[in-house]
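Read through the structure below, which is laid out as structure tokens, and then see the notes.
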Amino acid sequence: MEEELKCPVCGSLFREPIILPCSHNVCLPCARTIAVQTPDGEQHLPPPLLLSRGAAAAAPPPDQDAAAGATSGGAGASTAGGLGGGATGGGDHADKLSLYSETDSGYGSYTPSLKSPNGVRVLPMVPAPPGSSAAAARGAACSSLCSSSSSITCPQCHRSASLDHRGLRGFQRNRLLEGIVQRYQQGRGVVAGAAAAPAVAICQLCDRTPPEPAATLCEQCDVLYCATCQLKCHPSRGPFAKHRLVQPPPPPTPPEATPAVTGTSTASSAGGCRSPGGAGASAPRKFPTCPEHEMENYSMYCVSCRSPVCYMCLEEGRHSKHEVKPLGATWKQHKAQLSQALNGVSDKAKEAKEFLVQLKNILQQIQENGLDYEACLVAQCDALVDALTRQKAKLLTKVTKEREHKLKMVWDQINHCTLKLRQSTGLMEYCLEVIKEDDPSGFLQISDALIKRVQTSQEQWVKGALEPKVSAEFDLTLDSEPLLQAIHQLDFVQMKLPPVPLLQLEKCCTRNNSVTLAWRTPPFTHSPAEGYILELDDGDGGQFREVYVGKETLCTIDGLHFNSTYNARVKAFNSSGVGPYSKTVVLQTSDVAWFTFDPNSGHRDIILSNDNQTATCSSYDDRVVLGTAAFSKGVHYWELHVDRYDNHPDPAFGVARASVVKDMMLGKDDKAWAMYVDNNRSWFMHCNSHTNRTEGGVCKGATVGVLLDLNKHTLTFFINGQQQGPTAFSHVDGVFMPALSLNRNVQVTLHTGLEVPTNLGRPKLSGN
């Protein structure tokens, strides 16, 4: 809290704080140093230029300059003693309008000077004229401040406010802040001014050392004067004639003699004010009075000016037409508002404390994770070094083996060649000795054998025998470039799982027995997905199963059950693994089936029209066409209207597997279950087996209905709303598609999306 109790100018605890129009506080002595006197040249500038230079008041008209100068000249000396009080003149009327107008905030913008402390301009000291004292010079400075157009700039928000005829005393004294500062000092065991408290109250304007004792105290100016300074700076004439001068207060009690402060006395001192002479907390509480009506206490609160006023201000002053409220009620209301605002600040402070704890935990986690990652990095690098060392040992072993192999080969060749050379040399020497003999008979006895031995010895030196079997070069080349590149490219990668995909519900839809799902990756994702896995349940609350794996973000699943509820979810994956599932989306397929004839599955002789809802054939032989829907559960009903019926053909209606034979009548193979009918009777047929002949046929305009009940596993046929024969087939299981076989003499139109009729007629009896 101490920072809230320090003046933004001097940096010390507040002394006699005043409230500026911008709601900031500043010490009264500090306010005197930062008040700015507008130069005389600026007073004659046009109002826009004067306002642009930081003055909040307009320049007085030329005809008022003389009156303003005369009035200010008469009040000059006395204003200096008030240190902010001043005379009023014609030129100050615009200042009061600027300060108190309901349509003007009373302050303007001001760019602080870089050469002044705290970003505000400091009032220069007025040099003392020759032969005058410093006190007189100080009075002259304050008199000059009040006599000319002046303003003060807030050191915090740098907004300028004009001073009226009262000068700095026109700003309200913040006695509440003063009391809080006193309690704060008492709580710290320090009484303001106790360290250097004089024995008696001293003059606040003396420049002598030490200052003269104070002789009077002005209750309005709240300044102590000695007799000399009172005559110079606060004469009893002019605007100071109504000021009340009293005896100075007694000196403060030393801290060691100060009695213990009870809760009552502390509360009392909170609303009191510190006396200029340094009176302690034991001084009696002084209730604030109206600065314009000195003897009146505050009783009301002006809502327009946001300041307390007395009843005289309401009757005579400028607040007479303003909105006012009782002071006590407004005080309680503002206290309640402040308490409510404090609750919000308290909650934010609590959140901030928790956030700080979270940040400190993050700091600790960062330290721990950093150490763990460093240890992991060292371990991984050590593992790489160990692996490289092991591989180095293996490669050195290969080099050693290769060297030993070459050495062995060379030594073997040396030994072999040496042996042969010794044998050849011995034989040569022996033959030379034999040639030297002169005995022909003896020579001839051994010459044949020697010739063979020499020839044999010569044959041993075959081609390549005198060539080295191995080279001195090593045919081993170590390709380390890929490894060096890998080492240079060794870096950290983001090994994170992909985020949760976001389902785009506006693009998810169902159509018939198919569903379409769309999703996307969240924005600002640093872990991209390499693909997605879409899962769907069985439409009956069963287990999820994968229906799609790939990179696309839009997928359509066909062939689902009608009138079923499916749950779908998706997850992403990358090289790091599989991410979490998305939210589950619920999709409902159509209650009834809407479908047409399938041009892709029909026989090539089938002719489709009317958006694939009408079928005929170009051949006299029966040809099969299937529907675009497939059924595996539920109850389904559709009708076929006979548009053309010539020469008594036998069209067949029913269901079939997708692999049904399409170039013969429906029902002749084991992949179809059908009823074929002529103009007089009908039969049920499956696997070329004809059963349940029933009287009653079809003609142009007739309607054939097909009821497939996969809940009961039955297939029933109707003609013109009447059941044709008994239930045609039972124990029907699997996946079925609507089917039809016809030739060129018949044309039918398909009608789908029909509710199961409840008023169908009773079945006709079959003939056999």
Side-chain angles (χ1 to χ4, degrees), residues 509-517 534-540 542 545-548 555-568 587-603 606 608 611-615 623-640 652-663 666-675 685-687 704-717 728-742 748-756:
C509 61
T510 61
R511 184 180 182 276
N512 233 2
N513 64 333
S514 64
V515 297
T516 299
L517 293 105
L534 177 62
E535 295 184 357
L536 201 70
D537 67 357
D538 59 357
D540 197 19
R545 66 186 189 278
E546 293 183 2
V547 295
Y548 171 76
C555 181
T556 299
I557 302 100
D558 298 318
L560 303 178
H561 301 307
F562 286 91
N563 195 21
S564 299
T565 301
Y566 287 89
N567 297 308
L587 300 168
Q588 174 73 36
T589 55
S590 300
D591 296 337
V592 294
W594 296 85
F595 59 91
T596 62
F597 292 118
D598 186 5
N600 299 320
S601 64
H603 193 276
I606 294 293
L608 300 179
D611 294 332
N612 297 330
Q613 293 180 342
T614 300
R623 299 292 185 251
V624 174
V625 62
L626 302 177
T628 56
F631 308 113
S632 59
K633 62 179 292 188
V635 181
H636 309 280
Y637 178 78
W638 63 94
E639 292 180 347
L640 298 108
F653 310 88
V655 296
R657 309 285 192 195
S659 58
V660 64
V661 179
K662 299 181 178 64
D663 56 358
L666 189 69
K668 287 192 174 183
D669 62 355
D670 60 348
K671 300 295 191 300
W673 293 258
M675 175 190 73
M685 184 167 59
H686 173 63
C687 294
V704 178
V706 181
L707 177 61
L708 177 63
D709 189 346
L710 292 174
N711 295 334
K712 298 180 180 179
H713 307 286
T714 59
L715 180 63
T716 309
F717 297 96
F729 301 99
S730 301
H731 308 291
V732 179
D733 293 308
V735 180
F736 302 94
M737 305 177 72
L740 166 71
S741 69
L742 71 173
V748 299
T749 298
L750 177 65
H751 297 278
T752 62
L754 305 176
E755 296 286 346
V756 177

(message) Strictly distance-based, threshold 3.5 Å: is any side-chain N or O of S590 a donor or acceptor partner for the main-chain N or O of N512?
(response) yes
(message) Just to verify, what does D538 make a side-chain contact (heavy atoms from CB on, under 4.5 Å) with, not counting sequence neighbours?
(response) D540, R545
(request) May I ask you to test the V748-V704 pair for a side-chain heavy-atom distance under 4.5 Å? (result) no
(request) Please indicate whether D611 has more than 12 foreign heavy atoms, meaning atoms of other residues, nucleotides or ligands, lying under 6.0 Å from its CG. (result) no
(message) Once you measure the plane-to-plane angle for F729 and H686, does it fall in the parallel (<30°), tilted (30-60°) or perpendicular (>60°) bin?
(response) perpendicular
(request) Work out which heavy atom in S564 is nearest to a heavy atom in G539; give both atom names and the distance. (result) CB-O, 4.1 Å
(request) Verify, without hydrogens or angle tests, whether D537 (side chain) and N567 (backbone) share a donor-acceptor contact under 3.5 angstrom. (result) yes
(message) List the residues meeting side-chain contact (heavy atoms from CB on, under 4.5 Å) with T714, not counting sequence neighbours, and say none if there are none.
(response) D709, K712, T727, S730
(request) Could you tell me whether the side chain of R623 and the main chain of K662 form a donor-acceptor pair under 3.5 Å? (result) no
(message) Test of understanding: with salt bridge (charged side-chain N to carboxylate O under 4.0 Å, His left out), list the residues that count as partners of E639, not counting sequence neighbours.
(response) none
(message) When you compare the side chain of T510 with that of L560, does any pair of heavy atoms fall below 4.5 Å?
(response) no
(message) Using side-chain contact (heavy atoms from CB on, under 4.5 Å), reason through W673 and R657 one step at a time and then give a plain yes or no.
(response) CA-CA 9 Å; W673 293 258; R657 309 285 192 195; 3.7 Å; yes
Could you tabulate the donor-acceptor pairs under 3.5 Å formed by side-chain atoms of residues 625-635, not counting sequence neighbours?
| unit_1 | atom_1 | unit_2 | atom_2 | d |
| --- | --- | --- | --- | --- |
| T628 | OG1 | T596 | N | 3.2 |
| T628 | OG1 | T596 | O | 3.4 |
| S632 | OG | H561 | ND1 | 2.5 |

(request) Quick one: closest heavy-atom pair of A593 and T752, and the distance? (result) O-CB, 3.6 Å
(message) Quick check on side-chain contact (heavy atoms from CB on, under 4.5 Å): which of V547, T556, L587 does L517 satisfy it with?
(response) L587
(request) Can you measure from CG (L708) to CE (M737) and round to the nearest 0.5 angstrom? (result) 12.5 Å
(message) Let's go through V706 and F717 carefully: what are the C-alpha distance in whole Å and the side-chain angles of both, what is the deciding distance for side-chain contact (heavy atoms from CB on, under 4.5 Å) to 0.1 Å, and is it a yes or a no?
(response) CA-CA 5 Å; V706 181; F717 297 96; 4.0 Å; yes
(message) Less than 4.5 Å apart, side chain to side chain, heavy atoms only: is that true for H636 and L707?
(response) no
(message) Ignoring hydrogens and geometry beyond distance, is a side-chain donor-acceptor pair present between T749 and Q613 at under 3.5 Å?
(response) no
(request) Identify, with sequence neighbours excluded, every residue that meets side chain to side chain donor-acceptor pair (under 3.5 Å) alongside S514. (result) none
(request) Work out which heavy atom in A615 is nearest to a heavy atom in L608; give both atom names and the distance. (result) CB-CD2, 3.6 Å
(request) State which residues pass side-chain contact (heavy atoms from CB on, under 4.5 Å) with D669; sequence neighbours excluded, sorted by chain then number. (result) V660, V661, M664, K671, A672
(request) May I ask you to test the F562-V592 pair for a side-chain heavy-atom distance under 4.5 Å? (result) no
(request) Begin with the C-alpha distance, continue with both residues' side-chain angles, and end with the deciding distance and a verdict on side-chain contact (heavy atoms from CB on, under 4.5 Å) for W638 and L750. (result) CA-CA 8 Å; W638 63 94; L750 177 65; 3.8 Å; yes
(request) Output, in order, the C-alpha distance, side-chain angles, deciding distance and verdict of side-chain contact (heavy atoms from CB on, under 4.5 Å) for L666 and L740. (result) CA-CA 7 Å; L666 189 69; L740 166 71; 5.7 Å; no
